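If you're wondering where the values come from, they're calculated on a predicted model, not measured in any experiment. By convention in this document, chain letters (A, B, ...) are assigned in the order of the sequence lines, proteins followed by strands, and residues within each chain are numbered from 1.
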There are 4 protein chains.
Amino acid sequence: MTAVPLVSLPESSDPTRSPRADKRERILDAAIKVFARHGYHGSRISDIAREAGIAYGLVYHYFKNKEEILASIFEQRWGVFLEALEGIASEETPAEQQLFSVAALILNAYRLRPDWVKVLVIEIQRSARFAEPGQLRAFGQFFDVVGRIIRRGQERGELRGDLDPRIACTAFVGALELSITSLVLRLVEVDDAGSGGGEYYENLARTVVDIFLHGLAAEGARA
Amino acid sequence: MTAVPLVSLPESSDPTRSPRADKRERILDAAIKVFARHGYHGSRISDIAREAGIAYGLVYHYFKNKEEILASIFEQRWGVFLEALEGIASEETPAEQQLFSVAALILNAYRLRPDWVKVLVIEIQRSARFAEPGQLRAFGQFFDVVGRIIRRGQERGELRGDLDPRIACTAFVGALELSITSLVLRLVEVDDAGSGGGEYYENLARTVVDIFLHGLAAEGARA
Amino acid sequence: MTAVPLVSLPESSDPTRSPRADKRERILDAAIKVFARHGYHGSRISDIAREAGIAYGLVYHYFKNKEEILASIFEQRWGVFLEALEGIASEETPAEQQLFSVAALILNAYRLRPDWVKVLVIEIQRSARFAEPGQLRAFGQFFDVVGRIIRRGQERGELRGDLDPRIACTAFVGALELSITSLVLRLVEVDDAGSGGGEYYENLARTVVDIFLHGLAAEGARA
Amino acid sequence: MTAVPLVSLPESSDPTRSPRADKRERILDAAIKVFARHGYHGSRISDIAREAGIAYGLVYHYFKNKEEILASIFEQRWGVFLEALEGIASEETPAEQQLFSVAALILNAYRLRPDWVKVLVIEIQRSARFAEPGQLRAFGQFFDVVGRIIRRGQERGELRGDLDPRIACTAFVGALELSITSLVLRLVEVDDAGSGGGEYYENLARTVVDIFLHGLAAEGARA
DNA sequence: CATGAATGAGAATTCATTCAT
DNA sequence: GATGAATGAATTCTCATTCAT
C-alpha cells in the first residue's frame with residue numbers, strides 16, 4: 001500500500017510570517033487548546049491569553065471578540081483540511097486506496113491535532129455563526145468530496161451500486177470519527193502508547209476501511 | 001426480520017407519578033432541550049425555567065444547582081437507554097439481527113429524541129462530574145454491550161474473527177451516529193419528509209448494517 | 001401678580017405605585033443625581049446603585065443597560081415639564097403674565113430639581129439616542145410652546161412685532177437658563193441662602209422678565 | 001455702527017511656530033472636535049489621534065495624559081477669548097455699543113468655532129481640575145468683565161440702575177448662548193444657509209441686543 | 001520623533017443562587 | 001410550593017498609558 005498522504009499541520013509559528021500574523025496565530029493555537037478542553041462557552045478570554053502567554057487585553061487587538069476567534073479558527077483550519085481532502089479525491093487511484101487515504105488523513109488529523117478536530121466538529125456547529133449558510137456549506141463540502149469518491153467507485157464497478165452513496169459516506173466518516181473520539185475519551189485502551197499511537201492508528205485505519213469495504217460478516221455470509 | 005425493539009421514551013409526564021416528580025421531570029425535559037440548543041455553559045437557568053413554564057426560582061426547589069440538572073439527565077436517560085440495549089444483547093438471536101436491533105434502537109432514539117442524544121454525548125463528557133469514574137464507566141458500558149454482541153458473533157463464526165471487536169464496535173456506532181447527525185444538521189437532503197422521516201430511518205438502519213456486515217466493495221472484491 | 005403655577009415634581013416614591021414601579025423610580029432618581037454630578041460617561045452603574053441603596057445587579061432587572069436609563073429619564077421628566085408648560089400656554093392671560101409664569105416654571109424646576117435640568121439639557125443631547133428624531137422633536141416642542149406665547153403676544157399688540165419670535169424665544173429661555181447655571185456653578189453669590197433661595201429666584205424671574213420685556217436701556221433711550 | 005472686533009481664531013497651524021508646537025496644536029484642535037462630539041469621558045485618545053492624523057502613542061509625547069489635554073484647551077482658548085473681551089470693555093464707547101461688540105464676539109466665536117465653546121462651557125466645568133480655584137476664577141472673570149460694562153453703563157445713566165447687574169449680565173450672555181445652541185442643534189431653521197450663516201448671525205446679534213436694551217414689550221407698555 | 005504592540009485596571013453586563021413574600 | 005426581587009462573583013470588553021522598536 002502506498003504512502004499515506006499527510007496533511008501538513010503547522011502549529012509553531014512560521015518564521016517567515018509577519019510578527020503580527022504570528023501573534024494572531026499563537027492566539028488561535030491557544031484558543032483551540034482551551035476550547036477543546038472546556039468548550040467555547042466554558043472558556044474565558046483570560047484562559048486563552050494565559051495559554052498564549054500574553055496579556056488578555058492583547059487578544060482584543062487581534063480579534064474583535066470571542067466569537068470572532070472561533071470563526072477564525074474555522075476558516076483557517078478547515079481550509080487546510082479540506083485542501084488535503086481534495087488532493088486525495090483528485091487522484092486517479094482505486095476507490096479503496098482513496099478511502100484508505102481519507103481514513104489516514106482523518107485519523108492522522110485527529111491523532112496529531114485532536115483539539116482542532118474537536119473544536120471544528122463540536123464547537124462550531126453550536127456557534128451562532130454556524131447557522132450562516134457559509135459555514136454549513138463548508139461542512140457540506142466535506143461530505144461532497146467523500147461522496148464523490150464513493151460515487152466514482154460505484155461507477156467504475158469497484159463499489160456496490162445498490163447502496164445510497166450519501167449514507168455510505170456518512171457511515172464511513174462516522175466510523176472514523178467515533179473511533180478516534182473513543183480514543184480521546186479513553187473509552188478504549190490503547191496498548192502501544194509508547195509508539196506515540198502511530199501503530200494503533202495505522203491498524204485502526206486499515207480495520208475501519210476493511211470493515212467498510214468487505215464487511216464484518218464471516219466469509220460467505222452475504223445475504 | 002423481527003420487530004424492532006423500541007425504547008419507551010416518555011416525554012410528557014406520567015400521570016401516576018407524584019406531582020413533585022412530575023415537575024422535576026418537566027424541568028429535566030426543558031433542560032435537555034435547552035442544553036441541546038446552546039450547550040450547558042451557554043444555557044441559563046432562566047432559559048430552562050421559561051421552557052418548562054415555571055418561575056426560575058422554582059428550579060432550585062427541585063435541583064441543588066445547574067450541574068445537578070445535568071447529572072440527573074444523565075442518570076435517568078442513560079439508564080433507560082442502556083436497559084434497552086441490554087435487552088437486545090441478551091437475546092439469543094444471530095449477531096446480524098442483534099446489530100440491526102441496536103441500529104434501530106440508536107436511530108430511533110436519535111430520531112425521536114435527538115436532544116437526549118446530543119446532551120448525553122456532547123455535554124456530559126465535558127462536565128466536571130464526567131471525570132468521575134462512575135460516569136465514564138457508564139459510557140464504557142455501552143461499548144461493552146455492543147462489543148459483547150460482536151465478540152459472541154465472532155465466537156459463533158457469524159462474524160469475522162480477524163478484526164478487533166473494539167474497533168468494530170466504535171465503527172458501527174460511529175457510523176450510526178454521524179448518519180443521524182448529518183440528518184439533524186441538514187447536511188443530507190431527505191426526500192420523504194412527509195413520512196416524518198420514518199422510512200428514511202428504516203432504510204438508513206438497513207443500509208448501515210448492510211455495509212457494516214457485507215461491505216461496500218463490489219461482489220468478489222474481497223482481498 | 002398672580003400666583004406662580006408650579007410643576008409638581010415628585011421625588012420620593014408615590015406610595016400608590018406598585019413596588020416595582022417604585023424601585024424603578026428610585027433608580028431613575030439616583031441616576032439623575034449621579035449623571036448630573038459626573039456626566040453620563042463619567043458615571044458608573046455602581047455609583048447609581050450605591051446612590052439608590054441597592055446592589056448594582058438589580059439595576060439590570062429594571063433597565064436593559066445604561067443607555068436605557070438615560071432614555072427613561074428623558075421620557076419621564078421631560079413629559080412632566082412639557083405638560084406644565086402647555087398649561088401655561090393655554091391660559092388666556094396677557095403675554096407678560098404668561099412669560100413670567102414660564103420664567104417661574106423654569107427657574108423653579110431648576111431650583112427644586114437642578115439635576116433634572118442638567119441631565120435633560122446636557123447629557124441627553126449627547127447621547128446616541130438623542131440623534132433620533134423623536135428626541136429632537138421633543139426639545140423642539142419646548143421652543144414651539146414658548147414661541148407660540150410670544151407670537152400670540154405680538155398678534156395682540158402686547159409685544160413688538162418687528163422682532164423675530166424665534167430669536168426672542170431662545171433669548172428668553174437662554175437668559176433664564178444661564179441665570180440658573182451660574183447659580184448652580186456658584187459663579188454668582190446668593191445672599192439669602194437661609195430662605196432656601198426662594199426669594200432670590202423670585203427676584204431673578206422678575207428681573208429677567210423685566211429686562212426681557214422693557215429693556216435694560218434707561219428711560220427714553222429707545223432708538 | 002463701528003466695526004465689530006473679531007477674535008482671531010486660528011485653526012490651521014501658524015507656520016512661524018516650531019514643528020513641535022505645531023503638532024501640539026493639531027492635537028488640541030482634534031481633541032476639541034472630538035470632545036465636542038462625544039464629551040470628555042466619551043472620547044478616546046485614539047479618536048483624538050485619528051482626528052489629528054497621527055499615531056495615538058504620539059499624543060503622549062506632547063501631553064502627560066488625557067486630562068492635561070483638556071486643561072491645555074482651556075488655558076489656550078479661554079485666554080484668547082478673554083483678551084478680546086477685555087479689549088471691548090476697555091473702549092470708551094457707549095454701553096450699547098460695547099454690548100453689541102460683546103454679542104458679536106460671542107456669536108462669532110460660536111459661529112466660527114462652535115466646538116471651542118461647547119468644550120469650554122460643558123466639559124471643563126465637569127473636569128476635576130475645574131474645581132481648582134484658578135479655573136473657576138477664570139470663568140468668573142468673564143462675568144466680571146461683562147458686569148463691569150453694565151455697571152459702567154448704569155453709572156453713566158445709559159442703563160437702568162434699578163436692576164441687578166449680575167443678573168443682567170448672565171441674562172445677556174445666556175440669551176446669546178442659547179440662541180446659538182439652538183442653531184447648532186438645528187432647533188431653529190436658518191434660511192440663509194448659503195451665506196454661511198453670516199447674515200443670520202448679524203441679525204441675531206442685533207435682535208438680542210435690541211431686546212436686551214429696549215425690551216420686547218410694545219411701545220408704551222413699560223409698567 | 002513616530003508607531004502601534006502590549007499591559008492591566010476598570011467598567012458594563014450576565015447569571016447562578018439566595019431569600020423574602 | 002411558587003414567585004421573582006435581590007445579590008454579587010465572574011466575565012467580557014474598553015481604553016488610558018507604557019514601552020520596545
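Heavy atoms of B/Tyr62 sit under 4.0 angstrom from primed sugar atoms or phosphate atoms, though from no base atom.
Taking atom CD1 of A/Ile54 as the reference point, atom P of E/dG4 lies 19 Å away to the nearest angstrom. Between the CD atom of C/Glu68 and the P atom of E/dA12 there is a distance of 15 Å, rounded to whole Å. Put simply, CG on A/Asp22 is 13 Å from P on E/dA5, counting in whole angstrom units. Separating the NE2 atom of C/His38 from the P atom of E/dA12 is a distance of 13 Å, rounded to the nearest angstrom. E/dA12 atom P lies 14 Å from atom CD1 of C/Ile27, rounded to whole Å. Per the geometry, CZ belonging to C/Arg26 stands 14 Å off P belonging to F/dA5, to the nearest Å.
Considering only residues two or more places apart in sequence or on other chains, B/Asp47 meets the salt bridge (Lys or Arg N to Asp or Glu O under 4.0 Å) condition with B/Arg44, B/Arg50.
Shown are A/Leu70, A/Val34, A/Ile69; of these, the side chain to side chain contact (heavy atoms under 4.5 Å, CB included) with A/Ser43 is made only by A/Val34.
Salt-bridge formation is not detected for the pair D/Arg26/D/Glu51: no Lys NZ or Arg NE/NH1/NH2 atom is positioned less than 4.0 Å from an Asp or Glu carboxylate oxygen. Using a 4.0 Å cut-off between charged side-chain N and carboxylate O, A/Glu25 and A/Arg77 make a salt bridge.
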DNA chain E in dot-bracket form (Watson-Crick or G-U pairs under 3.5 Å, [ ] crossing, | inter-strand) is .||||||||||||||||||||

Contact string for nucleotides 14-21 of chain F, one letter per nucleotide 5' to 3', B = base within protein heavy-atom range under 4.0 Å, S = sugar-phosphate only, - = neither, reads BSSBB---

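Distance check, rounded to the nearest 0.5 Å: CG of D/Leu28 to NZ of D/Lys23 gives 13.0 Å.
Remark: side-chain polar atoms of A/Tyr40 are not paired, donor with acceptor, to backbone N or O of B/His41 under 3.5 angstrom. In this structure, the side chain of D/Lys118 does not engage the main chain of D/Arg113 through any donor-acceptor pair within 3.5 Å.
Considering only heavy atoms from C-beta on, D/Ile45 comes within 4.5 Å of D/Tyr60 through its side chain.
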